[in-house]
Amino acid sequence: MARIYNPKEIEPKWQTRWEADGLYRARIDPSRPKHYALTMLPYPSGNLHIGHWYAMTPSDARARFMRMNGYNVMFPMGFDAFGLPAENAAIQRNIHPKEWTYANIANMRKQLRSMGAMFDWEREAVSSDPEYYHWSEWFFLQLYKHDLAYRRRAPVDWCPKCNTTLAREQVIGEERVCERCGTPVIRKDLEQWFFRITNYVDELLDFSQLDWPEKAALMQTHWIGRSEGAEVVFHTQQGDPIEVFTTRPDTLWGATFMVLAPEHPLVEKITTPGQKDAVEVYTREVLRQTDIQREATDKEKTGVFTGGYAVNPVNDELIPIWVADYVLMTYGTGAIMAVPAHDQRDFEFARKFGLEIRPVIQPEGAEPISAENMTEAIPAWGKMINSGPLTGTPGDQAFERTIAYLEEHGTGKRSVNYRIRDWLISRQRYWGAPIPMIFCQECGWQPVPEDQLPVLLPDDVEWLPTGESPLKLHPTWKKTTCPNCGGEAERETDTMDTFMCSSWYHLRYLSPHYDQGPFDPREYDYWMPVDTYTGGAEHTTMHLLYTRFFHKALRDMGITRGPEPMLQLRNQGQILGPDGQRMSKSRGNVIDPDEQVDRYGADVVRCYLMFGYRWSEGGPWNSDNISGVVRWINRIWSLFTEPSPTGQAPDEKEIRKLRRKVHQTLIQITRDFKEFEFNTIISGLMELLNEMYRVRELGVPATAAWSEAQEIYLKMLAPVAPHIAEELWTDVFGKPYSVHQQSWPEVDLEAAREDEITLVIQVNGKVRDRLTVPVGISEVETREAALRSEIVQKYLNGRQPRKVIVVPEKLVNIVI
RNA sequence: GCCGAAGUGGCGGAACAGGCAGACGCGCACGACUCAAAAUCGUGUACCCUCGGGUGUGUGGGUUCGAUUCCCACCUUCGGCACCA
């Protein structure tokens, strides 16, 4: 009796059965190769988004494919559960962040289960659980012990809406807005905790061990921003050294003035009494401005003369020292030598304030440069001119020879600068892992002893409308004793950046309840590193950079091993609303996955998300296109559950054709899984189904080839549509449970082989004829067959071809 | 401004070593079934055409017997960076 395809019945049925049987439990098994597949964990915002489905279900399909290929696969899931939205809910709706977070997690677990993914829920980790953040704190202490965590007063970015500092990476775009809430950040001078990610910059620039998208490596490379150059020491007339960094030491003889950042510590000292008022007015004005105003690249250069002079160490010339806000205190030394002839910014400044412009580089083949005629700086490399002893040095040697000259004379040295800053991890918020440090008036900052971890967050907290951290306001929590002298002391009330928690979650999945350390070393030895990591490209310069740093720092402490934590990375694109805009509640274009699952079933939603897009690109949700997938799934159901026509004798040729299509599809789909090309996996399965429908009418269903096709079909379907595949395999066909424990089918190359091919005949590059020829036809035979073609004869019209190109088993091009 | 990626039918997309452009699907048209509609099934579907053929993968050039694919320039869209010395 044919049944109707009813995903509402079969999907929960199998989800329950798989879970009860522990089908997806990942256990150490040294006899099998392991595969650690990881997809970025969600923030428990309350509801799963269709974007989560888009990111996770193809990852799941691929993890399932790896499992069928003999790998012992771990595919864990958890929650990045600390963070500001929980506190905002607390302030707005008077719900405790813990309550809000854990209610959301409970809901999202349910939603995640409806995907039918092979998550191993026994390995679930939640970063806001004390048993998790115990070890976030412990990692902080290890970094502190190894001098990779330190406290420093520095100008930092502050989000006035979130009431907290942010890492440089969390300030987005030219508008310099908060990564979370989009509010423009302001600059504050604060004492904060930092991690020394800059100790690892050179290693972080090495991507040779990684199979990552080039784009991701490039973004990290740009973010780190390595520049090679020289450090040169100038001296003021009073004898104070001013260090500058330059990428163009070869232009040193063209330095006609110096510029200090307004915050530079020497500004006050070198300013002469006559310039004092002007300098003070200027610096005060600059410091008043927002970063956006100050760092706008199109604004006209401003600055003021200090009255002081410095000596250029290569020619002993006195050059004026200016203060200007186009020099940033946060990069290099906060001071520059200005070479207006060869740097556009210095050029604009010099023109505006009438400072000398002196060309010292003559690029090859260019007109001789003269200061009067220049309309812009000449940044190109070239022969050194007007450069004392180095005059005449060719462009390709200028850089090295100048550095050698500086080192010989003790006035400078080779130097490398980076754009990246140390990672600011202090957050003035409640809902995060406490920074386990104690301040004692006598002993200074002291780490919390490891046996006193975790420092627990207090539950009894209140929020003031000012948005100040409740930890700071708590009456007793911060009061403690100094671990060193036993005297009265105070806890650090700042918590850690949540990126700290997510820098090691892949390690917590190894053993989420282990209490002797952050993870069980036996699990580490078997499962790490992560073999395949998938997620959004927006995490490239934050989470992914932090995670790599974390792994390398821990490796140097002997905690982790190997060069990298995540070997292979793939980024999926983004699903937009049906209007092509980013989905958001305010636009009202949000697609709710629960609704879609309710309407079509999880298998259809999974397959549509795989079929409709290039996974790496994404695109707008299209509710029309899903009907193609609905039809396809229904046609699978019908073909596999309805009786096939009988009576007709099978045709050998059709049997051969079916087997060929089956095995060709298997080859194609195997490759597509490896390459993350999910759309052609589905279209391949659609094509094969169409072929099965075709031969069904031709007596083939009574044959062994038909049974083989059905079996291979369900195995290939299993990773993408796990429920219907299981239902058909186990319940309809009565094959041994579970389809998800079957091996990936073996390709029969003989069956996949074509025995004749369509030879394309071109005349002058245009297709004129097609011939059917046997596989293995020789080049000579191919050529002759093509020339015998009537159509070719007509074009030749008795003439000899000028040239005949033969591509074996593909094409002949006859040039007349 | 700098760096990078991408532009293919009405639409999503395929073409994986430079060798049949448009697989698969949506949509549309026509047909079958039906009193009718939906669902389902079948056929067709890049454009132009005088039915010989001609044109066509953002635009213009180049390399090649042959280019969606390689090279150069430009346009558009998206992503990253942005006074980084």
Side-chain angles (χ1 to χ4, degrees), chain A residues 172-174 176 213-216 218-223 225-227 229 244-248 251 259 261 294-299 301 324-328 330-339 342-346 348-349 417-421 537-538 540-541 571 573-574 608 611-614 616-632 634-635 638 668 671-672 674-675 677 679-690 693 758-770 801-816:
Chain A
I172 307 295
E174 195 175 358
R176 300 185 48 75
E214 256 174 69
K215 190 188 157 171
L218 204 67
M219 275 173 70
Q220 290 199 348
T221 302
H222 287 335
W223 189 262
R226 182 190 155 97
S227 309
V244 302
F245 172 75
T246 177
T247 53
R248 291 299 299 274
T251 64
V259 187
R294 189 172 159 181
E295 291 180 12
T297 50
D298 51 356
K299 116 182 160 177
K301 298 274 176 295
D325 67 353
Y326 80 92
V327 173
L328 309 175
T330 46
Y331 183 79
T333 61
I336 61 157
M337 64 174 207
V339 184
H342 304 291
D343 181 285
Q344 185 60 25
R345 297 156 297 183
D346 299 343
E348 287 165 21
F349 194 79
N417 243 287
Y418 300 89
R419 210 186 72 97
I420 193 175
R421 320 279 159 75
E538 67 277 15
T540 306
T541 53
N571 296 127
Q574 217 173 38
Y608 169 63
F611 178 63
Y613 308 84
R614 244 183 292 186
S616 57
E617 301 300 316
W621 175 266
N622 184 331
S623 45
D624 294 332
N625 283 348
I626 200 168
S627 57
V629 176
V630 172
R631 279 178 205 152
W632 167 61
N634 276 300
R635 274 162 56 83
S638 304
Q668 178 226 316
R671 192 199 56 215
D672 289 346
K674 287 184 181 147
E675 302 297 324
E677 285 168 9
N679 52 352
T680 46
I681 290 171
I682 306 295
S683 69
L685 288 170
M686 287 174 170
E687 278 188 59
L688 177 54
L689 191 76
N690 291 345
Y693 265 102
T758 302
L759 188 68
V760 173
I761 313 296
Q762 295 183 335
V763 175
N764 289 340
K766 286 188 172 33
V767 179
R768 297 299 180 190
D769 199 5
R770 290 187 177 84
R802 277 204 291 147
K803 202 172 178 183
V804 179
I805 284 116
V806 178
V807 183
E809 300 194 350
K810 265 197 181 133
L811 167 147
V812 178
N813 188 11
I814 293 156
V815 186
I816 300 174

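Letters A, B, ... mirror the listed sequences (proteins, then strands); counts begin at 1.
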**Prompt:** Just how far, in rounded Å, is C1' of B:rC24 from CD1 of A:I682?
**Reply:** 11 Å
**Item:** Pairwise C1' distance, B:rC65 and B:rG18 [rounded to whole Å]
**Value:** 12 Å
**Asked** How many Å lie between CD on A:E214 and C1' on B:rG80, as a whole number?
**Response** 15 Å
**Complete:** note: A:I681, atom CD1; B:rA23, atom C1'; distance rounded to Å ~ 16 Å
**Request:** Assign B:rG52 to syn or anti; the rule is syn for a glycosidic angle within 90° of 0 and anti otherwise.
**Result:** syn
**Request:** Can you tell me, in whole Å, how much space there is between the C1' of B:rU34 and that of B:rC28?
**Result:** 22 Å
**Message:** Can you identify which nucleotide, out of B:rA85, B:rA82, B:rA23, has its nearest atom closest to the A:R419 side chain?
**Reply:** B:rA82
**Asked** Looking at B:rC20, B:rA85, B:rU55, which one has an atom nearest to any side-chain atom of A:T247?
**Response** B:rA85
**Message:** The side chain of A:T246 is closest to which nucleotide in this list: B:rC83, B:rA85, B:rG80?
**Reply:** B:rA85
**Request:** Provide, to the nearest angstrom, the distance between the CG atom belonging to A:D769 and the P atom belonging to B:rG53.
**Result:** 11 Å
**Message:** With rounding to the closest Å, how many angstrom separate the P atoms on B:rG22 and B:rG27?
**Reply:** 22 Å
Can you give each donor-acceptor pair under 3.5 Å made by side-chain atoms of residues 620-632 of chain A, sequence neighbours left out, with the distance rounded to 0.1 Å?
residue	atom	partner	partner atom	Å
A:N622	OD1	A:D624	N	2.8
A:N622	OD1	A:N625	N	3.3
A:S627	OG	A:D624	O	2.7
A:W632	NE1	A:Y713	OH	3.1

**Item:** Side chain proximity check, A:R635 to A:N690, heavy atoms < 4.5 angstrom
**Value:** yes
**Asked** Quick one: A:L218 CG to B:rC78 P, roughly how many Å, whole number?
**Response** 20 Å
**Asked** For RNA chain B, whose closest nucleotide is more 5', that of A:I172 or that of A:G332?
**Response** A:I172
**Complete:** Testing B:rC26, B:rG54, B:rC83 for proximity to the side chain of A:D325, the answer is B:rC83
**Item:** Base orientation of B:rG25, syn vs anti, 90° cut from 0
**Value:** anti
**Asked** Is there side-chain contact between A:Y418 and A:W223, with heavy atoms separated by less than 4.5 Å?
**Response** no
**Spacing of the P atoms in B:rG61 and B:rA29 (rounded, Å)** = 39 Å
**Prompt:** Which letters describe nucleotides 39-52 of chain B, given B = protein heavy atom under 4.0 Å from base, S = only from sugar-phosphate, - = neither?
**Reply:** -SS-----------
**Asked** Are A:D343 and A:R248 side-chain neighbours, meaning at least one heavy-atom pair lies under 4.5 Å?
**Response** no
Check: residues 762-769 of chain A side-chain donor-acceptor pairs under 3.5 Å, at least two apart:
residue	atom	partner	partner atom	Å
A:N764	OD1	A:I816	N	2.9
A:R768	NE	A:Y795	OH	3.3
A:R768	NH1	A:Y795	OH	3.1
A:D769	OD2	A:S789	OG	2.8

**Request:** Send over the distance from A:R176 CZ to B:rC81 P, rounded to a whole Å.
**Result:** 11 Å
**Request:** Starting from the C-alpha separation in whole Å, work towards a yes-or-no answer on side-chain contact (heavy atoms from CB on, under 4.5 Å) for A:V339 and A:T246.
**Result:** CA-CA 10 Å; A:V339 184; A:T246 177; over 6 Å; no
**Item:** Distance between P atoms of B:rG56 and B:rA21 (Å, rounded)
**Value:** 12 Å
**Complete:** For A:I814 and A:P801, the nearest pair of non-hydrogen atoms, with its separation, is CG2-CB, 3.7 Å
**Fill in**
Contacts of A:S627 and A:D343 projected onto RNA chain B by closest heavy atom; the upstream (5') one is A:S627
**Message:** If you compare every side-chain N and O of A:K215 against the phosphate oxygens of B:rG4 (OP1, OP2), does one of them come in below 4.0 Å?
**Reply:** no
**Asked** Are the side chains of A:E677 and A:I681 in touch, meaning some heavy atoms are under 4.5 Å apart?
**Response** no
**Message:** I need the CG-P distance between A:L689 and B:rA23, as an integer number of Å.
**Reply:** 18 Å
**Request:** Tell me what A:S227 touches on the nucleic acid: a base, only sugar-phosphate, or nothing, going by heavy atoms under 4.0 Å.
**Result:** sugar-phosphate
**Request:** Please measure how far the C1' atom in B:rC71 lies from the corresponding atom in B:rU64, and state the result in whole Å.
**Result:** 12 Å
**Asked** From B:rA85, B:rG25, B:rC83, pick the nucleotide closest to the side chain of A:I336?
**Response** B:rA85
**Item:** Least distance between heavy atoms, A:S227 atom then A:F245 atom
**Value:** O-CZ, 3.6 Å
**Request:** Find the distance A:M219:CE to B:rA82:P and express it as a whole number of Å.
**Result:** 11 Å
**Asked** Nearest heavy-atom pair of A:D346 and A:A338: which atoms, and what distance?
**Response** OD2-CA, 3.2 Å
**Request:** Describe the nucleic acid contact of A:W223 in one word from base, sugar-phosphate, nothing, applying a heavy-atom distance below 4.0 Å.
**Result:** sugar-phosphate
**Asked** So what does the secondary structure string of RNA chain B come out as, 5' to 3', with Watson-Crick or wobble pairs under 3.5 angstrom, [ ] for crossing and | for pairs with another strand?
**Response** (((((((..(((......[....)))((((((.......))))))(((....)))..(((((..]....))))))))))))....
**Asked** Does some side-chain heavy atom of A:T541 sit less than 4.5 Å from a side-chain heavy atom of A:H222?
**Response** no
**Request:** Could you measure between the two P atoms, the one in B:rG60 and the one in B:rA14, and give it in whole Å?
**Result:** 25 Å
**Request:** Not counting sequence neighbours, which residues clear side-chain hydrogen bond (donor to acceptor under 3.5 Å, both in side chains) with A:T680? List them please.
**Result:** A:D672
**Message:** When the P atoms of B:rG25 and B:rC70 are compared, how many Å lie between them, rounded to an integer?
**Reply:** 29 Å
**Prompt:** Under 30°, 30 to 60°, or over 60°: which ring-plane class applies to A:F349 and A:Y326, parallel, tilted or perpendicular?
**Reply:** tilted
**Asked** How does each nucleotide of nucleotides 13-19 of chain B score, in 5' to 3' order, for protein heavy atoms under 4.0 Å: base (B), sugar-phosphate only (S), or none (-)?
**Response** SS-B--B
**Request:** Search all heavy atoms of A:A216 against all heavy atoms of A:N571 and return the closest pair with its distance.
**Result:** CB-OD1, 4.4 Å
